[in-house]
Amino acid sequence: MPKLKTHTGAKKRFKMTGTGKIKRHHTKTRHILTSKLPKTKRKLGKSAIVSDADHDKVARMIPYA
């Protein structure tokens with residue numbers, strides 16, 4: 001079998017945890033931050049887990065992570 005190629009965009013955006021879950025970052029944290037509440041900005045700064053619906057799709061893109 002040939003080796004699988006890692007999706008280069010996905011490897012920059014996702015990391016695998018020790019338990020097999022996939023971490024991601026939140027969006028909407030780059031600009032226009034003055035109109036966002038401090039609580040919202042704090043929550044957006046933390047990492048999140050990829051949803052179950054998208055887990056298989058993302059896992060295929062990062063096979064060796």
Side-chain angles (χ1 to χ4, degrees):
M1 288 294 294
K3 293 180 183 176
L4 298 173
K5 286 199 173 181
T6 300
H7 190 285
T8 55
K11 75 180 175 187
K12 298 170 189 175
R13 289 171 171 85
F14 301 106
K15 297 280 182 244
M16 191 79 77
T17 64
T19 57
K21 296 176 182 174
I22 300 174
K23 285 196 321 184
R24 66 171 176 85
H25 295 292
H26 283 100
T27 59
K28 301 182 172 120
T29 59
R30 295 296 180 200
H31 59 99
I32 317 177
L33 294 172
T34 54
S35 62
K36 294 180 175 67
L37 297 174
K39 179 181 177 182
T40 304
K41 290 188 276 190
R42 272 198 308 277
K43 291 178 87 171
L44 290 176
K46 298 181 177 179
S47 61
I49 301 293
V50 170
S51 67
D52 291 337
D54 295 327
H55 186 275
D56 293 339
K57 189 189 313 183
V58 176
R60 267 198 308 274
M61 290 194 277
I62 49 172
Y64 303 111

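The structure presented is a predicted model; accordingly, all values stated were derived computationally and were not measured.
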Sequence neighbours left out, cut at 3.5 Å: what donor-acceptor pairs do the side chains of residues 30-41 make with other protein atoms?
| unit_1 | atom_1 | unit_2 | atom_2 | d |
| --- | --- | --- | --- | --- |
| Lys36 | NZ | Ile32 | O | 3.1 |
| Lys41 | NZ | Leu33 | O | 3.3 |

Minimal non-hydrogen separation, [X] against [Y], with atom names:
| X | Y | result |
| --- | --- | --- |
| Gly20 | His55 | O-NE2, 3.3 Å |
| Thr8 | Lys12 | O-CG, 3.4 Å |
| Met16 | Ile22 | SD-CG1, 3.7 Å |
| Thr6 | Tyr64 | OG1-CD1, 4.0 Å |

Atom pairs and distances, donor-acceptor, side-chain atoms in residues 42-52, under 3.5 Å, two or more places apart:
| unit_1 | atom_1 | unit_2 | atom_2 | d |
| --- | --- | --- | --- | --- |
| Ser51 | OG | Asp54 | OD2 | 3.4 |

Could you work out, with side-chain contact (heavy atoms from CB on, under 4.5 Å) as the rule, every residue matching His25, not counting sequence neighbours?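 Expected list: none.
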
